[in-house]
Amino acid sequence: MSYKIYEINEDLLDVMPQEIRDLQFKATWGNPKRGVMDLPYSKELIEEHSLCAGCPESMALRYILASLPNPEDTIIVNSTGCTSLVFPHIALHTVHSLFGNQNAVASGIKRVLEWRFPDKVKDVVVLAGDGATVDIGLDCTLQSFFRQEKITTICFDNEVYANTGGQESGLTVKGHVFKMAPKGKQWDKVPMWQIAIDSGCHYVARLTVSSPKRVETVIKKAIYVAREVGPTYVHLYTPCILEIGLNSDDGLDEMRQRDKERFAFFEYMTDAAKEVIERKKEEGLI
Amino acid sequence: MQTVKEQGIIYNRAGQRVVSPDYLLFEAPRTKHFMTGSEAVKEAVKRASVDASVSYPITPQSEAAHLIGELWVEGYVGVYFRGESEFGVMSEVAGCALAGARTITTTSGPGTLRAFENFPMWAGTRIPVQLVLMARGVNAPLSIQPDNLEVGFLLDTGCMIWYAENAQDLFDMILAGFVVAEQPSVHVPIITAIDGFFVSHTREAIMLPPEDIALPPYNPYRAPMPVIDAEVPPGRFLRDPFVMKSNYISYATHASWQWEVRSAIERSRPFAKHYLRGLTEEFGDPDADIVFVACGTAAAQSKEAVRLLEDEGVKARVVKLKTIRPFPIEELRQAVKGAKYIFVPEFNVVGWLEREVRRYLYGHSDAEIIGSPRVAGGMTMPAEVIAKEVLKLTGKEVKHVI
Amino acid sequence: MIRKRVNIRMPALGGQGAVTAAHIIATAADYEGYYAVSNPFFGAEKRMAPAESYARIGVEPIYDRGEVVYPDVIMVFHPQVITMGKSYTMPFYSGIKRKGLIIINTEEDLLTEEDRERLEELEVKVFNFPATKFAIDIAGTELSTNMAMIGALFGSIGAVGIEAIEEGIKSRFLKKFVASGGTASLDSALERKFKKKLELIEKNLNTAKAAYELAQKWAQEQGLEPFLPPPPKKVAV
């Protein structure tokens with residue numbers, strides 16, 4: 001029942017800012033059936049964000065945080081990039097690793113928490129961009145899959161190093177012109193979701209963030225499978241509207257277009273993962 | 001690591017009786033064993049209620065790393081696995097410590113450099129990780145022999161650095177290292193260094209306390225930073241300065257955070273002094289005006305040279321530095337009073353220790369400071385060579401010292 | 001000549017057990033009550049490539065580390081150290097101290113005229129001793145050459161007795177210990193050769209004993225005094 005640790009001292013209740021009070025009284029703690037449908041009515045676990053107006057990453061974060069089955073026992077490990085700008089705004093335990101080693105730090109955390117609290121649920125979720133996951137972090141990311149670490153890795157793929165001004169990344173589409181690729185990217189987009197499968201992930205999904213409900217389902221599946229079986233990987237398309245020259249309102253439309261092509265919904269699960277997912281569906285948790 | 005109380009006696013998870021650090025280090029009866037430095041690491045970890053360790057192969061620390069693995073099988077260490085590279089390992093170690101584990105790891109030379117980005121990260125996140133550093137040459141060229149150039153690179157990472165001369169030092173320092181690093185007013189990483197093969201693979205006599213007693217387990221809830229385990233309210237920060245907010249807040253935060261780390265190292269002094277029985281150790285004739293200031297194996301070789309010089313009728317003494325960070329400033333200044341010549345023998349080409357010695361003795365000593373002998377690439381520093389340097393200085397040109 | 005310390009350098013070939021020999025020598029000396037330290041030199045570990053190990057024994061605490069640059073005793077484990085220059089120093093006796101001792105595993109004299117002159121100048125004695133032949137005759141395997149060398153060492157320099165050597169051998173083969181990859185695989189080769197570990201220890205000990213007695217006789221003939229005084233922990237009888 002560790003969400004009690006988020007309770008404000010009674011004597012200080014009247015001087016706390018509204019959003020802190022709302023976090024205690026209006027947020028959805030202690031209820032694994034929480035989800036994106038609560039968003040209009042409850043206090044979100046993220047308070048504002050310092051990303052660009054209309055950034056799909058911000059949408060993704062809000063949906064993910066709304067979907068965590070046990071946020072009070074979830075540790076989020078993050079890496080450098082646009083995503084790390086949002087982390088001070090999140091009400092959970094979060095850790096900023098370096099750049100590329102987020103899965104290694106997460107491995108250490110997960111193993112120790114499992115050992116320190118063998119009877120408790122402690123979900124460790126990695127949230128990192130495409131550069132951190134696939135370029136500089138490929139080694140640590142894949143090795144955590146090889147080792148079968150029980151963590152969920154979520155890649156925010158905007159197909160570019162956005163935070164540093166828009167450089168080509170491994171997940172950039174071939175031919176696309178970004179900085180450091182002035183003649184266009186010379187090689188294909190790395191199929192990270194396929195590599196995740198080959199590296200031992202038990203549940204893998206690829207999708208855009210155009211449908212909040214779909215994000216919720218995928219996140220819950222990924223976390224429940226990671227709890228019991230092994231590493232899971234979720235590849236989200238969160239386009240950088242700035243770098244691809246769109247307006248703040250155009251993010252959703254961009255994602256809906258890609259839903260029909262390179263980011264068409266794709267899901268993979270091992271038999272062991274399927275068993276867990278079916279069970280959770282029966283329990284009404286997915 | 002949890003404890004079990006039975007009839008007033010506390011046992012750790014491995015079933016060892018928990019005793020105070022003072023008892024373990026100073027009072028428990030000791031018996032003589034004969035072993036290498038690598039085996040001494042195992043013996044220390046065995047009595048240290050260690051929660052986690054991550055390992056990776058590189059000469060000469062592989063033996064110590066896999067011996068810790070044996071302790072894991074035997075139930076003395078809670079979490080253990082092999083990482084993918086030293087960069088991966090040190091990141092995993094950070095994860096373990098952030099989640100509340102007393103964590104130890106080892107590395108050498110190129111491995112240290114591979115992992116480097118993590119060291120200031122450890123210090124900045126205030127995790128009391130212990131790194132046993134078995135110094136070895138750094139590429140290029142490649143050498144697996146003991147050359148401690150890498151320690152010069154580590155001086156400003158914000159980690160404490162202690163230097164062991166032999167297996168006995170290493171054993172005691174590993175135990176004391178946890179105790180000092182985990183003090184709430186300190187809580188920064190500790191690096192216990194040795195000069196590679198000279199200690200790791202040398203077999204020598206060592207006095208050990210019984211193996212059924214151990215240090216009190218780490219209590220992560222006494223840490224100055226909240227442990228990342230969702231059992232305590234989270235700090236509303238990333239263990240990073242608030243670069244995301246306004247620049248002025250971020251400058252001030254970063255600067256004060258960095259200062260705090262260095263202050264924490266300073267605050268470790270009284271604890272280090274207590275558990276190491278002093279930050280320095282002296283050997284030889286106290287009246288001698290020829291002084292060797294050294295650490296690690298260079299101190300050992302200097303002790304040997306002092307004996308040789310005695311035979312030649314020359315009085316000399318050694319001031320062995322047990323800690324480099326914090327640097328034993330007052331102790332050194334006191335110890336070199338009356339010195340005419342200060343030799344700083346080292347196992348690296350740049351003389352990082354000489355730089356430190358000069359910096360702290362400037363304005364405090366009239367002695368001539370000589371950064372010699374200096375050997376590199378892991379070459380041995382025979383006492384005869386040290387003695388020759390001294391005798392040359394005193395005008396006694398000796399061709400064949402032996 | 002009596003010294004406060006004996007520094008021993010053992011140039012050998014990879015796979016001969018020089019590192020094990022250093023371990024046993026130091027352990028035996030430690031058991032006998034002396035201060036002792038041993039260490040190997042790590043280069044590229046290869047069979048039949050140069051390999052060297054060192055032991056230091058004394059009546060005072062030993063601070064010296066690393067290679068023995070100025071040995072009192074040199075134990076050459078294989079003729080190729082000399083004949084093929086498979087040595088880390090050239091000539092192999094570089095640094096030998098006055099009144100030192102060289103033990104060479106050989107069935108014939110390998111020294112040149114020049115070597116003999118230089119060694120005589122330094123009053124260094126040379127003991128040519130067929131350790132491999134001994135090992136094959138008594139233990140049935142050349143892998144016990146190092147045992148014969150250990151026996152030859154202590155037989156000639158005195159100071160450490162058979163009981164201590166037995167302790168040294170037992171501690172090496174009975175306790176679990178750390179090995180490099182090369183040593184570990186040789187151990188299993190040995191285990192296959194000898195049915196029980198105790199059989200192995202016995203055969204090794206017998207090899208060492210026989211070599212010890214032979215060396216003792218040689219030392220007496222040469223008029224060699226023990227290299228060290230009695231250990232600090234024991235009183236001379």
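So that the names make sense, note that chain A is the first sequence line, chain B the second, and so on, each numbered from 1.
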Has C:Gln222 got more than 12 heavy atoms of other residues, nucleotides or ligands less than 6.0 Å from its CD?
yes
In this structure, are over 12 heavy atoms from other groups packed under 6.0 Å from C:Glu202 atom CD?
no
Who among C:Ile62, C:Asp30, C:Asn39, C:Val69 has the most heavy-atom pairs with chain B under 4.5 Å?
C:Asp30
Nearest atoms (heavy-atom pairs only) where B:Gln301 meets C:Tyr63:
OE1-O, 3.5 Å
Does a side-chain heavy-atom distance below 4.5 Å link [X] with [Y]?
| X | Y | result |
| --- | --- | --- |
| B:Pro382 | C:Tyr70 | yes |
| B:Gln145 | C:Glu67 | no |
| C:Glu60 | B:Arg307 | yes |

Side chain from CB out, backbone as N, CA, C, O: work out which of these in C:Val37 comes under 4.5 Å of a heavy atom of chain B, or both, or neither.
both
If one checks every heavy atom of C:Arg98 against chain B at 4.5 Å, the contacting part turns out to be neither
Point-to-point distance, once rounded to the nearest 0.5 Å, from [atom1] of [X] to [atom2] of [Y]:
| X | Y | atom1 | atom2 | result |
| --- | --- | --- | --- | --- |
| C:Ser171 | B:His33 | OG | NE2 | 12.5 Å |
| C:Tyr31 | B:Lys32 | OH | NZ | 10.5 Å |
| C:His23 | B:Thr36 | NE2 | OG1 | 9.0 Å |

At a 4.5 Å cut-off on heavy atoms, which part of [X] comes close to chain C: side chain, backbone, both, or neither?
| X | result |
| --- | --- |
| B:Asn166 | both |
| B:Phe283 | side chain |
| B:Phe198 | both |

Between C:Arg65 and B:Glu204, is there a side-chain N and carboxylate O pair less than 4.0 Å apart?
yes
